[in-house]
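One structure below.
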Amino acid sequence: MTLSKIVVAGLLLAAASSAQAVTVTWANLTAQPNATTVTGTVGGVGLTYSGSINFSQLANAGTDYWVDLGYTQGVVNRPVGTDLISLNDGGLKTITFAAPVTDVYLAFTSWNGVTAAFSAPFTVVSQGTGFWGSGTFDVNGPSDAFFGNGEVHGVLKFAGTFTSLSFTDTSENWHGFTVGIGAVPEPQSWAMLIAGFGLVGATMRRRRSVAA
């Protein structure tokens, strides 16, 4: 096998490995200006939640309901700190971004017996045991709604570019969530890719020189 083929194979393997688990940039929730609004940032982009609120935990203050007991298998990093929006009354909720963002992630804690329908289809990134126990997302055919079978803790991915994302949930004692977006590759991943492509380029130039 030639050097360039070895490098390309290595890059493909690295890409496949990184696809198995994703790094998410989680929201920093900073203010609740009124009874139906929470604001903050995610990846430097302004974020506004609009809808009913049971309570909110802002600026990393409160109980860590995101403790990971197995619900984030497909995620490199669990939700940061304690930031959380808790819901109990069902109805329409909307998350609005100040600028377009790519790949929205929602993390859930304790969606027990809740039905939730979203404005875009999703994939289940992970699910398992969390602060309150364990359960599963029972997803409908179009993959734009789920029923919380047991104490659901997990992460959903909404692929694409968004300026807003809405969902309608049903009432329950309390269930919490937070928001994330797709993150850029970690610095070491960029370094590996750049070095690999540089090596491939150098090999191709050497071959052209020898041929000449």
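Just so it is clear, the model here is predicted, and its values are computed rather than measured. Start at 1 with the first residue, then count along the sequence.
For V139 against S143, the heavy-atom pair with the smallest separation is CG1-CA, 3.6 Å. Taking all atoms of both residues into account, the shortest heavy-atom contact from I53 to Q32 is CD1-NE2, 3.9 Å. When all heavy atoms of N77 and V22 are compared, the closest pair comes out as OD1-O, 4.2 Å. Of all non-hydrogen atoms in E151 and S110, the two that sit nearest each other are OE1-OG, 2.7 Å. Nearest approach of A99 to V45, heavy atoms of both residues: N-CG1, 3.5 Å. Minimum interatomic distance between V75 and S126 (heavy atoms only, all atoms of both residues): CG2-OG, 4.2 Å.
Using a 4.5 Å cut-off between side-chain heavy atoms of Ile, Leu, Val, Met, Phe, Trp and Tyr, with links allowed through other members, V155 and V104 fall into different hydrophobic clusters. Residues W66 and I95 do not share a hydrophobic cluster, defined by chaining ILVMFWY side chains whose heavy atoms lie under 4.5 Å apart. Neither V42 nor V80 shares a network with the other; the hydrophobic side chains, linked directly or stepwise wherever heavy atoms of I, L, V, M, F, W or Y lie under 4.5 Å apart, form separate groups for each. Grouping the Ile, Leu, Val, Met, Phe, Trp and Tyr side chains by contacts below 4.5 angstrom, directly or via other members, places F97 with F122. Under the 4.5 Å side-chain heavy-atom criterion for grouping Ile, Leu, Val, Met, Phe, Trp and Tyr, L84 is connected to V67 within one hydrophobic cluster.
Counting heavy atoms from C-beta outward, L106 and L165 have side chains that approach closer than 4.5 Å. The side-chain heavy atoms of N173 and N88, taken from C-beta on, include no pair separated by under 4.5 Å. Using a 4.5 Å heavy-atom threshold, the side chains of F147 and T170 count as separate. The shortest distance between side-chain heavy atoms of W111 and F177 falls below 4.5 Å.
Checked against a 6.0 Å centroid threshold, the rings of W174 and F55 count as neighbours. Between F167 and F158, the distance separating the two ring centers is not shorter than 6.0 angstrom.
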Should Y71 and F108 be marked as a side chain to side chain contact (heavy atoms under 4.5 Å, CB included) after you check the CA-CA gap, both sets of side-chain angles, and the distance that decides it? CA-CA 10 Å; Y71 74 92; F108 301 85; over 6 Å; no
Residue pair W132, N112: steps toward the side chain to side chain contact (heavy atoms under 4.5 Å, CB included) verdict: CA-CA 10 Å; W132 297 106; N112 182 12; over 6 Å; no
Could you walk me through whether T30 and L58 pass the side chain to side chain contact (heavy atoms under 4.5 Å, CB included) test, one step at a time? CA-CA 5 Å; T30 55; L58 312 174; 5.9 Å; no
List the steps and the verdict of side chain to side chain contact (heavy atoms under 4.5 Å, CB included) for L29 and Q57. CA-CA 8 Å; L29 305 175; Q57 294 189 161; over 6 Å; no
Test side chain to side chain donor-acceptor pair (under 3.5 Å) on T94 and S166 and set out the steps. CA-CA 4 Å; T94 301; S166 297; 3.0 Å; yes
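When each of V179, T178, I181 is checked for a side chain to side chain contact (heavy atoms under 4.5 Å, CB included) with W26, only T178 meets the rule. For the salt bridge (charged side-chain N to carboxylate O under 4.0 Å, His left out) test with R78, the passing option among D68, D83, D64 is D64; the others fail.
When atom types are taken as modelled, the side chain of T163 and the backbone of P100 share no donor-acceptor pair closer than 3.5 angstrom. Not one N or O on the side chain of N54 forms a donor-acceptor pair closer than 3.5 Å with the backbone of S86. At distances below 3.5 Å, at least one donor-acceptor pair connects side-chain atoms of D103 with backbone N or O atoms of G160. At distances below 3.5 Å, at least one donor-acceptor pair connects side-chain atoms of H153 with backbone N or O atoms of G133. Checking side-chain atoms of E172 against main-chain N and O of G113 turns up no donor-acceptor pair under 3.5 Å.
For the atom pair OG1 of T82 and CG of N60, the computed distance is 4.5 Å after rounding to the nearest 0.5 Å. Atom CG of D169 is separated from atom NE2 of H175 by 4.0 Å, given to the nearest 0.5 angstrom.
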